[in-house]
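We name chains A, B, ... by the order of the sequence lines, and we start the count at 1 in each one.
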There are 4 protein chains.
Amino acid sequence: MARAAASKSQTRIQREKTEQILAAALVVFSKYGFRGSTIDQIANEAGLSKPNLLYYFDGKDEIHARLLARMLDTWLAPLRTLDETGDPVEEILGYVTRKLEMARDYPRESRLFANEILQGAPRVIDQIKGPLKNLVDEKAEVIRHWAAEGKIADVDPYHLIFSIWATTQHYADFNAQVSVILGPRADDWFDGARSYLTKLFICALRPAKA
Amino acid sequence: MARAAASKSQTRIQREKTEQILAAALVVFSKYGFRGSTIDQIANEAGLSKPNLLYYFDGKDEIHARLLARMLDTWLAPLRTLDETGDPVEEILGYVTRKLEMARDYPRESRLFANEILQGAPRVIDQIKGPLKNLVDEKAEVIRHWAAEGKIADVDPYHLIFSIWATTQHYADFNAQVSVILGPRADDWFDGARSYLTKLFICALRPAKA
Amino acid sequence: MARAAASKSQTRIQREKTEQILAAALVVFSKYGFRGSTIDQIANEAGLSKPNLLYYFDGKDEIHARLLARMLDTWLAPLRTLDETGDPVEEILGYVTRKLEMARDYPRESRLFANEILQGAPRVIDQIKGPLKNLVDEKAEVIRHWAAEGKIADVDPYHLIFSIWATTQHYADFNAQVSVILGPRADDWFDGARSYLTKLFICALRPAKA
Amino acid sequence: MARAAASKSQTRIQREKTEQILAAALVVFSKYGFRGSTIDQIANEAGLSKPNLLYYFDGKDEIHARLLARMLDTWLAPLRTLDETGDPVEEILGYVTRKLEMARDYPRESRLFANEILQGAPRVIDQIKGPLKNLVDEKAEVIRHWAAEGKIADVDPYHLIFSIWATTQHYADFNAQVSVILGPRADDWFDGARSYLTKLFICALRPAKA
DNA sequence: AATGAATGAGTTTTCATTCAT
DNA sequence: AATGAATGAAAACTCATTCAT
């Protein structure tokens, strides 16, 4: 009962179709949420028949799980690169920028994740409790050190991280609203946001004068 | 086939049941999203039979629409109170605090709204384009004036508002994640968040020294 | 989520439909086996729509389970009446006759049960290990006593019981074959079988001459 | 589209694969019944790919048909050996023993057959009406002669045969039940059954004293 | 107003079978 | 001969909605 997607050595077609399906699933899931999406929609978007799609994946759940799993790595990558030996303010601002770029370049991934968390993270709670929390704890410690050494202002590292996530992902997750409000300037949200957020966080991080 | 909900003069019972249903719908919709929720769940939560629920509302769509409609007012209230004659920094910080309180006191409402926007706001796009945008434009103008007059720092008012929304609602919308990351301190997120955000925005708004 | 079939106080309609469905399910399951039967067939046989049928039962499994459960009692009734204070040979012959009557009067029930056991009893194994085994053990003990006291021949009570089950149920379970082989006399199989089996078991049970 | 299975002269490989498939099909069909078995299961059990399996057989139906066809011969073999020139009681007891050995050695074959008959013998009805009935009629005639000549008791030969079939096959067909009821002694059912059945049928056949 | 009953239109999934190589 | 890929038809179940009372 070896399923194609599970075998170690995949054929070219298998890889292609798997990618095709995951790409289609991302489009659909990020738009309608898990429950709101149908396999039909995904199959359609992928240009496959429903049974053919199910030849590659065991079901809706598995597609979703695979999507989220592969996403989490990418999602955490920017935080991982936060370097404790680098310049603190620069490091954090760099993180903000990278997150903002991700919101621009991978808005659907962001919405997929947001959808999941919004509904209580039923399917990724383990990964949040494990890898994600560990990474955040680690980097929070780095930030705390910087603050203790006076290299940055005395901020709570967790709330700092939350605010970075929130402000950057907002442009992807709530794009429907942002677009309407920015009106004709919506297409250039990125530059405005970067400029604003850079100022915001520079200010927040600048160490108090001695 | 006069439906209760349509008639102008509702009896007390009608009003009560309507409230009961909307309250139940909020619980369910905010948890599972629109498509993920079933009328059965809502009826159950409301303690009514499904047909009885549908006596008061034309259907799932209508319940959802009514819920969002009534919420939007509440949702925008804090921004409405932003007083152009008040102290700029105080006004904005007050707005931040009120939004944070709403995230604490009405997390389900926040998630309901977030769910809707996330999926492209299909059912509230009109209200976003109308009342919401108008209000934001109006208050953005106020903020711009403050900035022009040097009463606050020179920030883009729209991105400022986005950042306030994002940072405050984050605690409601992404609560599943916040809880895990804060661990045992999760219950007290409010104080930590208020303290952090107050500092963040004070700093961002403090006018540059002349 | 209270399902009709589960509530304690059923309406007349509920009882009727439930019976209707179980009767239809017996016809279908006994003919095609569990996997070979479809809800469509049962609904059709019952004169109901499929969703309506599923309004009364949670699914195919539940229908099958309910059928088997209610049947087991009936099925074991004849053995239960085996009276240790009665005349041994008469008691056992009476049991044979009652089992044969059941094969005549409830052939579909017999086949339903046979089907289940044949496939390893996946859904009734617990009831076999429990109530059925207990009852058989109890009655086997009775028979053993009779044999020990010389009231019947020295037979293994378990194999005796097996042979009674086998020979009587054969007429129901393998009716398709029996009918063909008996040809025109098939309709009267009962009398022939009773006569034959009576002789068979009288002979087997008659205590050896002292 | 010459199919392997149809061609007269099969290569060694073809014969081997055919056997492999039939062996696998026996395992699966006897366990789950015809409808409950899938080609996937059979292919898996046979260690072949599904399309490859279907290269050798036209479909599920054909595999099943072939299996039953080849089985029927084996199945009837013991009865065929019933020799009218032999000692009547010995011949019949020998038949009982051989049937019991088959129940022990080929329980899956027995269950496959039982499954089929239980469901009305849709796929073997012709062979039952033909070869099987003919053989039974022939041997019944032999038995009747023996009875008429007073060599055995005056029993109905058809019901005698039924009872032999029933009592012996019971151990294979209803093994799930037998095992539970015999408990720890289940592994040795054969000796107990042979001893019991031998006594049972000796007694039934012993001619009445003159 | 209220509810038990019913249903049509999906939605996921399974599976025998075919296609292409 | 063999297999990866594909599919149409069915099957189980779900759910918003309607019916009847």
Partner nucleotide, any strand, of F:dA9 [Watson-Crick/G-U, under 3.5 Å] = E:dT14
Among E:dA9, E:dA1, F:dC19, the nucleotide that comes nearest once only the side chain of C:Pro51 is considered = E:dA9
Looking at B:Tyr56, does any N or O in its side chain come under 4.0 Å of the phosphate oxygens OP1/OP2 on E:dA2?
-> yes
Does the side chain of C:Gln14 get closer than 4.0 angstrom to OP1 or OP2 of E:dG4 through an N or O atom?
-> no
Using both distances under 3.5 Å as the test, list the Watson-Crick or G-U wobble partner of F:dA20, or none.
-> E:dT3
Tell me what A:Arg35 touches on the nucleic acid: a base, only sugar-phosphate, or nothing, going by heavy atoms under 4.0 Å.
-> sugar-phosphate
The residue among D:Arg66, D:His64, D:Arg70 that forms side chain to side chain contact (heavy atoms under 4.5 Å, CB included) with D:Leu68 is D:His64
May I ask you to evaluate whether A:Asn52 reaches the phosphate of F:dT7, defined as a side-chain N or O under 4.0 Å from OP1 or OP2?
-> yes
Using the closest heavy atom to pick a nucleotide of DNA chain E for each, name whichever of B:Gly47 or D:Asp61 lands nearer the 5' end.
-> B:Gly47
Compare the minimum distances between each of F:dC13, F:dC15, E:dT12 and the side chain of B:Thr38, then state the nucleotide with the smallest one.
-> F:dC15
When rounded to whole Å, the CG to P distance for the pair D:Asn44 and E:dC15 reads 13 Å
What is the nucleic acid contact for B:Leu48, judged by heavy atoms within less than 4.0 Å: base, sugar-phosphate only, or nothing?
-> nothing
Would you mind reporting whether D:Phe113 and D:Asp173 have side-chain heavy atoms less than 4.5 Å apart?
-> no
What is the minimum heavy-atom distance between D:Leu53 and D:Leu48, and which atoms define it?
-> CA-CD1, 4.5 Å
Intermediate values then yes/no, salt bridge (charged side-chain N to carboxylate O under 4.0 Å, His left out), A:Arg12 and A:Glu16 | CA-CA 6 Å; A:Arg12 182 180 52 79; A:Glu16 279 175 14; 2.9 Å; yes
What is the nucleic acid contact for B:Lys17, judged by heavy atoms within less than 4.0 Å: base, sugar-phosphate only, or nothing?
-> sugar-phosphate
Taking atom C1' of E:dT12 as reference, at what distance in whole Å does atom CD1 of A:Ile21 sit?
-> 15 Å
Residue A:Lys50, side-chain atoms from C-beta onward, closest of E:dT12, F:dA1, F:dA11 = E:dT12
Starting at atom CD of D:Gln20, determine the distance to atom C1' of F:dA2, rounded to an integer number of angstrom.
-> 13 Å
Measure the distance from CD1 on D:Ile63 to C1' on E:dT17 and round it to the nearest whole Å.
-> 12 Å
Side-chain N or O of C:Tyr55 closer than 4.0 Å to phosphate OP1/OP2 of E:dA5 | yes
Side-chain heavy atoms of D:Phe29 within contact of D:Ile42, under 4.5 Å | yes
Rounded interatomic separation in angstrom, taking CG from A:Asp58 and C1' from E:dC15 = 14 Å
Of the candidate nucleotides F:dA2, F:dT14, E:dT12, which contains the atom at the shortest distance from the side chain of A:Ile39?
-> E:dT12
Integer-rounded Å distance: E:dT13 P and A:Glu62 CD | 11 Å
Do C:Arg123's NZ or CZ and the ring of C:Phe34 fall within the cation-pi criteria of under 6.0 Å and 45°?
-> yes
Write down the distance between CG (C:Leu53) and C1' (F:dA11), rounded to a whole number of angstrom.
-> 14 Å
A:Arg12 or C:Asp40: which one's nearest nucleotide on DNA chain F is closer to the 5' end?
-> A:Arg12
Do the side-chain N or O atoms of B:Thr11 get closer than 4.0 angstrom to the phosphate oxygens (OP1, OP2) of E:dA1?
-> yes
Expressed in angstrom and rounded to an integer, what is the separation of C:Gln41 atom CD from F:dA10 atom P?
-> 13 Å
